[in-house]
Each structure stands twice: as C-alpha cells, then as structure tokens.
Amino acid sequence: MEGVTDGNGVPPNAFDKSKILDVKPLRSLAPVFPDGPQGQYFVCAPPFGPFPSGFTPFYPFSVPPGFQSEPETPTPIRLFRTAVPHFSATRNGESGASMDASRGGSGKPPRKNRDVQFSSGKGPAKDFKLGFSSTERDDGNWEVVENVLMRFDALRRRFSQLEDAKETTSGIIRRADLKAGNVLMSKGIRTNMKKRIGAVPGIQYGEIFFFRMELCVVGLHAPSMGGIDYINVRGNSEQETLALSIVSSGGYDDEAEDADVLIYSGQGGNAYYKDKEAADQKLERGNLALETSLHRGNEVRVVRGMKDAVSTKAKVYVYDGLYKIQESWMEKGKSGGSMFKYKLLRLPGQPDVFALWKSIEKWKEGLSSRPGLILPDLASGAESMPVSLVNEVDDEKGPAYFTYFPTVKYSKSFKLLHPSFGCNCHSACAPGSTNCSCIQKNGGDFPYTANFNLVSRKSLVYECGPSCPCFPNCKNRVSQMGLKVRLEIFKTRDRGWGLRSWDPIRAGTFICEYAGEVIDKINTRQSGEDDHNEHVFDTSRTYQSFRWNFEPELIEEESPPAPTEEFDIPSPLIISAKNIGNVARFMNHSCSPNVFWQPVIYEHNNESFLHIAFFAKRHIPPMTELTYDYGIAPTDGESNSTPSGRKKCLCGSPQCRGYY
DNA sequence: GGTTGATCATTACC
DNA sequence: CGGTAATGATCAAC
C-alpha cells in the first residue's frame with residue numbers, strides 16, 4: 001500500500017487549470033483551528049476564510065445535531081456510530097464556509113468541556129496536566145488533540161537534543177519519535193483511543209503529521225507501523241472485520257497521483273525478510289477488513305504520506321479525509337506475488353487537501369501558474385528564496401511602499417547587554433562540544449535539533465555570531481541563515497495583507513526574524529498613536545503566556561527543570577517595520593496563534609544585539625495563515641479607560657480577547 | 001546514492 | 001492473561 005507520489009509522474013497536461021482556479025478556499029482549507037476556550041498552548045490560526053461578513057467562522061462543532069449525511073448503514077456499523085455521538089457533518093460540505101469547520105468532524109459540542117483542566121485557566125502559564133480522564137482518552141476533541149500533539153513534539157525534540165549531544169553512537173535514544181510516543185502512550189497522554197469508523201474528533205482535514213506515532217497518540221491510525229487499521233465488530237450473528245484507516249506512503253507500488261482516487265495495495269506478501277520469497281497476499285487482517293468495508297460501503301480514513309519539500313528525507317503525513325472503497329481486484333506485483341488492490345474514491349464535499357498540495361508543486365515549477373500573482377519576489381532577492389505577493393480577493397495591487405530589508409537595524413550604539421565574546425570553536429559548533437562558550441551560555445544544551453528545530457522556549461537563546469570563529473555553517477546560527485520555507489504574502493479578506501507558507505512547517509521551525517529599525521520608546525510616543533501597532537514590534541507589551549516546552553517529569557533521570565518560558569529582556573525592545581522591514585511585518589495577530597517569538601542574541605564587534613525570531617508553535621499545513629500574539633499594549637498611566645493603541649481583533653478564534 | 005539488515009512499538013490474535 | 005506474529009519507518013552500514 002503506501003505509494004506516493006513524488007509528483008513527478010504527472011504529465012503536464014494532466015493538470016487541469018480550471019481545477020487550480022477552483023481551489024479558492026485556500027485559506028480555509030488548512031485552517032489551523034482556533035485553540036481551546038482559553039487555551040494557552042493551543043495554536044491556531046483561525047480561518048480568515050471567505051466568509052460572509054458577520055458569519056462567525058469557527059464553529060466547526062455547532063453542527064445540526066441530527067445531521068447525518070450518509071445513507072443508513074448495516075447494523076453493526078450503526079451500532080458503532082451511535083457510540084460516537086458527535087459526528088462529522090462537514091464532509092457533505094453544505095457551503096464553502098463549512099470548510100473551515102472541517103475540523104474533521106471533531107465532535108466538540110459547542111460549549112462543553114469547560115471543565116477540561118488543562119485549558120481552564122487564564123493566568124500565567126500552567127503546566128500540562130499529566131494525564132487525561134478516561135473520557136478524554138476515549139473520545140477527543142481538538143483541544144485534547146492539540147495538547148497531546150504539542151506535548152509529543154516537545155518531548156521528541158528533547159529526546160533528539162539528548163541524542164544529538166551524545167558523542168558515541170551507542171546507548172543513545174536512536175528514535176526520539178518512538179521514545180516520545182512510547183512515553184505518552186504509557187502515561188495515558190493520548191486521545192481517541194476508542195476506535196471508530198469515520199472522522200476522528202479533533203482531527204481536521206489537511207492536518208499534517210511528521211511521525212507515525214503522532215497518528216497513534218491522537219487515535220487517527222492506531223498501528224505504529226501497519227498501513228491498515230481495522231476492528232472487529234460483532235454483528236447479528238457473526239463478527240466482521242472492518243477497515244478504519246489506511247496510510248498510503250510509498251511502501252508498495254500504489255497509485256496515488258489523483259486527488260480523488262487512490263489505488264491502494266493490500267498488506268502482506270512482501271519479501272522483507274532475508275530468506276523469504278515474495279508471497280501471495282492472503283485475504284486476512286487488513287485485506288479482509290478492506291474487502292468487508294467495500295461490501296459494507298464503509299468510510300475509510302485516508303492518510304497520505306508526502307515527500308517533505310524542506311527536508312527530502314522526511315515524510316509528511318496528511319490527513320486527506322474520508323474515502324469509500326469502490327472495487328477490489330488481484331494482480332501480480334513487481335516482486336512476483338499476487339497482491340490485492342483497492343480502488344478508493346474520495347467522498348465529495350471535503351476540502352481539496354491533496355489537490356492543494358499538487359497545485360503548490362505546480363507553482364514551484366513555474367510561478368506563472370499561481371493565480372492572483374502580483375510579484376514573483378517581493379524581497380527582490382534579499383532573501384534566500386523568493387517571497388511571492390498574491391491577491392486573490394480584490395483589486396489591490398500590493399501593500400504600501402516600504403523598503404525590504406532582511407534583518408534588524410540598530411541605530412548607532414544601541415547596546416542591550418554587556419559585551420560578551422563569542423566562542424573559540426574552530427569548526428562547526430556541535431551539540432557535543434561542551435567547551436563551546438556559546439553552548440554554555442545556553443545552559444549546556446544545544447538550542448536546536450539536528451534539523452534546525454528549536455527545542456525549548458527560553459528567556460534568551462544564544463547563537464554564535466559573526467565574531468565567532470566557527471564555521472559559517474555552524475548549526476547554532478539558525479535565525480541567521482535565512483528563510484527555510486517558501487513564504488507568500490497574500491491579501492486577506494478583512495485584515496489587510498497576511499503571511500503564509502507553501503511548505504508544511506514543523507513545530508519549532510524558524511520562520512523569520514522581525515526586521516526593522518530599533519527605535520527609542522520615547523520618540524515613538526511623541527510621534528503619535530497611529531504609529532502604534534502598525535508594523536511595530538514591542539517587547540514591553542503584555543503577552544499571553546503558554547506552555548510549549550517538554551515536561552521533565554516524563555523523562556527518566558531528567559534532573560534540571562525545563563527551561564523557563566518567560567522571556568527576560570533587560571530593557572524593552574521596540575522595532576519599527578513601518579519603513580524598513582521583511583516578511584514579518586505582514587504577520588497578523590491572533591489570540592490563538594500558530595507562531596511565537598523568541599529573543600535571540602549573538603555577538604558582533606564585541607556588542608550583543610538582540611533579535612526577535614519567530615518559530616512555529618505547532619505543525620502548520622501549507623497555505624495556513626501564520627499569526628502570532630501581538631500582545632496587549634500597556635495602558636498608559638495618564639489616559640485610562642479606552643486603552644490607547646489597542647485595536648479591535650478580527651482573529652475570530654473562540655478565545656479571542658476582542659482587541660490587541 | 002541505492003540497497004540491505006536490524007531495530008523499534010503497537011495491537012490483533014493465539 | 002501472557003506471549004508473539006505482523007507490520008513499516010528509520011538509520012547504520014554497506
């Protein structure tokens with residue numbers, strides 16, 4: 001089964017332009033949903049989708065209770081369904097607006113779950129709650145799913161960090177993903193354990209994953225390896241084996257080029273093992289389940305494994321929604337044995353997840369195929385890759401004039417911290433180099449994983465700088481190495497211009513720094529309030545705290561506490577991107593963002609300069625708007641009541657504070 | 001750079 | 001209830 005699509009197999013004429021134009025609901029397609037009611041650690045980028053004004057975009061779960069889109073299914077299945085009261089209603093796609101609601105049928109009743117502990121407070125950052133109630137483990141919702149995923153990746157990054165630091169290759173945590181998954185599973189930090197046919201509560205169409213264990217802990221696909229998940233259901237007389245979900249990721253010679261059709265190979269018969277010949281597949285286990293589901297007309301969840309554009313070695317798993325099996329047959333496989341083949345058709349009314357991925361591939365081949373393209377590169381070559389400018393919603397030809405500059409500019413001698421010296425390493429600084437002074441300043445831990453993801457939020461991250469003699473390719477310079485993902489500036493429906501990515505983004509990925517001119521706070525005040533908020537970054541604003549780092553108590557022999565997530569900057573830093581700036585000036589505010597900022601410092605000419613670096617809070621699907629928390633402007637002593645400099649927030653997330 | 005082998009975690013099944 | 005077979009991704013070693 002598993003066979004994907006590196007995208008090379010598509011003949012050029014197979015791509016229908018009208019289809020490209022048809023994928024309009026881009027913004028709503030992979031919406032990073034709003035986060036929990038007060039959710040501090042939930043990311044989300046509410047959809048700014050094409051909604052009629054006045055429509056509250058995000059109530060995925062307030063679906064008519066009686067809504068039932070599928071024809072009546074045979075007894076055993078219906079029994080199963082009744083066990084899952086909140087069911088996806090979006091797959092029938094009543095309207096365009098329902099797409100954003102595509103939290104995969106997540107079943108969160110509109111206003112329940114106030115009692116979910118981990119999302120209930122407003123105060124300072126709370127720790128993750130250790131486990132879940134049995135209810136939360138059985139049936140999830142998107143808050144729980146978010147929580148589990150965030151904790152999984154935090155733990156995984158920490159294990160990677162520990163692994164990277166080991167000099168020897170023995171006795172190490174070889175697979176941080178498996179280790180992290182194992183810990184969460186054994187501690188009961190998981191959800192949707194109850195197996196179900198159809199949509200899984202809290203899992204959204206287009207949602208992306210980077211490890212099979214992630215599918216496991218959120219109950220999208222239980223087997224840690226196998227491509228077919230299934231259950232046995234007791235019918236009236238005999239029991240039936242029914243398929244639940246499949247992962248198509250390239251292990252078998254599947255055909256997975258079409259957005260709505262998938263030819264999936266059955267399991268078994270592979271000549272994995274040394275002395276084993278390729279054998280004929282048997283009608284058992286997963287194969288039997290798919291066969292039964294074909295005859296029963298059951299929905300099957302499909303997860304497609306795609307090649308990651310950023311790191312070609314990695315794989316991205318994309319939840320592609322519900323399919324039904326149309327037919328099955330047997331044929332000779334390449335290795336000689338005969339194998340089962342299943343033809344799956346995608347149910348109508350679901351957002352075009354796979355088609356969007358295909359479109360993006362096209363855009364990368366030739367920018368002219370990008371609808372609404374205004375400028376191929378807004379940065380005019382100033383960045384390591386082009387930043388396209390796109391407007392698909394109205395006639396505006398671009399944002400107001402500014403000068404593109406990729407980093408922050410300090411005026412004359414603006415010293416923030418005491419002068420410090422760089423390291424003395426003469427090659428590339430590595431996680432294991434204990435005498436690198438830059439690493440020592442980080443508390444002895446290398447702040448990034450081998451593939452450049454930030455491990456933990458900290459009060460300050462110390463990178464090697466221009467004055468360090470280490471190689472320019474030293475991995476402790478992540479925020480200085482330019483853009484890693486292909487960004488696009490686009491016109492939003494109601495919030496001006498925004499920023500999003502063509503590439504899927506892993507949690508912890510560096511996105512960009514906040515470029516602009518460092519300014520003196522007093523001068524800003526004098527220049528009038530209009531300058532507030534408009535392309536200005538200000539560390540002195542009040543920011544919602546949230547938990548992102550790993551939980552030390554989940555790691556054996558982890559003595560030191562996880563790094564603090566409260567930033568500590570000696571004096572306020574204000575950066576204006578009004579006249580000079582980079583892509584960061586287009587990032588909009590959200591009360592439940594998918595990006596956060598992190599102070600980073602490195603040394604240059606014996607002075608340390610502070611930079612504001614943005615990192616992904618969660619995995620972000622392609623074309624999802626990138627947002628961060630603008631914070632709340634401090635109320636000035638003199639003028640009370642209506643806070644000066646505050647703006648009405650249009651982020652639309654359930655826990656929107658109303659202003660920022 | 002492609003191939004091969006060993007390992008890994010989970011669950012169904014015996 | 002306890003053991004194990006089956007499964008695929010990953011990395012190391014070739």
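Since the model is a prediction, treat every value here as computed from it, not as a measurement.
- A salt bridge between A/Lys364 and A/Asp503 is present, with a side-chain N of the basic residue lying under 4.0 Å from a carboxylate O of the acidic one.
- Salt bridge absent: A/Asp352 and A/Lys358 never bring a charged side-chain N and a carboxylate O closer than 4.0 Å.
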List every contact pair, protein side and nucleotides 1-5 of chain C side both N or O, where the distance is under 3.5 Å.
none

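- Across B/dT10, B/dA12, C/dA9, the shortest atom-to-atom separation from the side chain of A/Met185 is found for B/dT10.
- The salt bridge (Lys or Arg N to Asp or Glu O under 4.0 Å) test applied to A/Arg157 returns A/Asp153, not counting sequence neighbours.
- Closest approach to the A/Ser224 side chain among B/dC8, C/dT10, B/dT10 is made by B/dT10 (side chain taken as heavy atoms from C-beta onward).
- For the pair A/Arg212 CZ and B/dT7 P, the computed distance is 21 Å after rounding to whole Å.
- In this structure, A/Lys195 reaches the B/dA12 phosphate: one of its side-chain N or O atoms is under 4.0 Å from OP1 or OP2.
- For the residue pair A/Glu327 / A/Trp329, no side-chain donor-acceptor distance below 3.5 Å is found, with atom types taken as modelled.
- C/dT7 atom C1' lies 12 Å from atom CG of A/Asn287, rounded to whole Å.
- Taking 4.0 angstrom as the limit, A/Asn182 places none of its side-chain polar atoms (N or O) nearer than this to OP1 or OP2 of B/dC8.
- Residue A/Asn192 contributes atom CG, which lies 17 Å from atom P of B/dT10 at whole-angstrom precision.
- Rounded to a whole Å, the CD1 atom of A/Ile228 is 17 Å from the P atom of B/dT11.
- Ring pair A/Phe446/A/Tyr448 is perpendicular by interplanar angle, where above 60° counts as perpendicular and below 30° as parallel.
- Distances were taken from every side-chain heavy atom of A/Leu178 (C-beta onward) to each of B/dT11, B/dA12, B/dC8; the shortest belongs to B/dC8.
- In this structure, A/Gln281 contributes its side chain and A/Gly266 its backbone to a donor-acceptor pair below 3.5 Å.
- Look at CG on A/Leu244: it is 9 Å from P on B/dA12, rounded to the nearest Å.
- Residues A/Ser265 and A/Lys341 bring a donor and an acceptor atom of their side chains to less than 3.5 Å of each other.
- In this structure, the CD atom of A/Gln281 is 14 Å from the P atom of C/dA6, given to the nearest Å.
- Atom-to-atom, OH of A/Tyr317 to P of C/dA9 comes out at 5 Å; the value is rounded to the nearest Å.
- In this structure, A/Asp177 places its CG atom 9 Å from C1' of B/dC8, rounding to the nearest Å.
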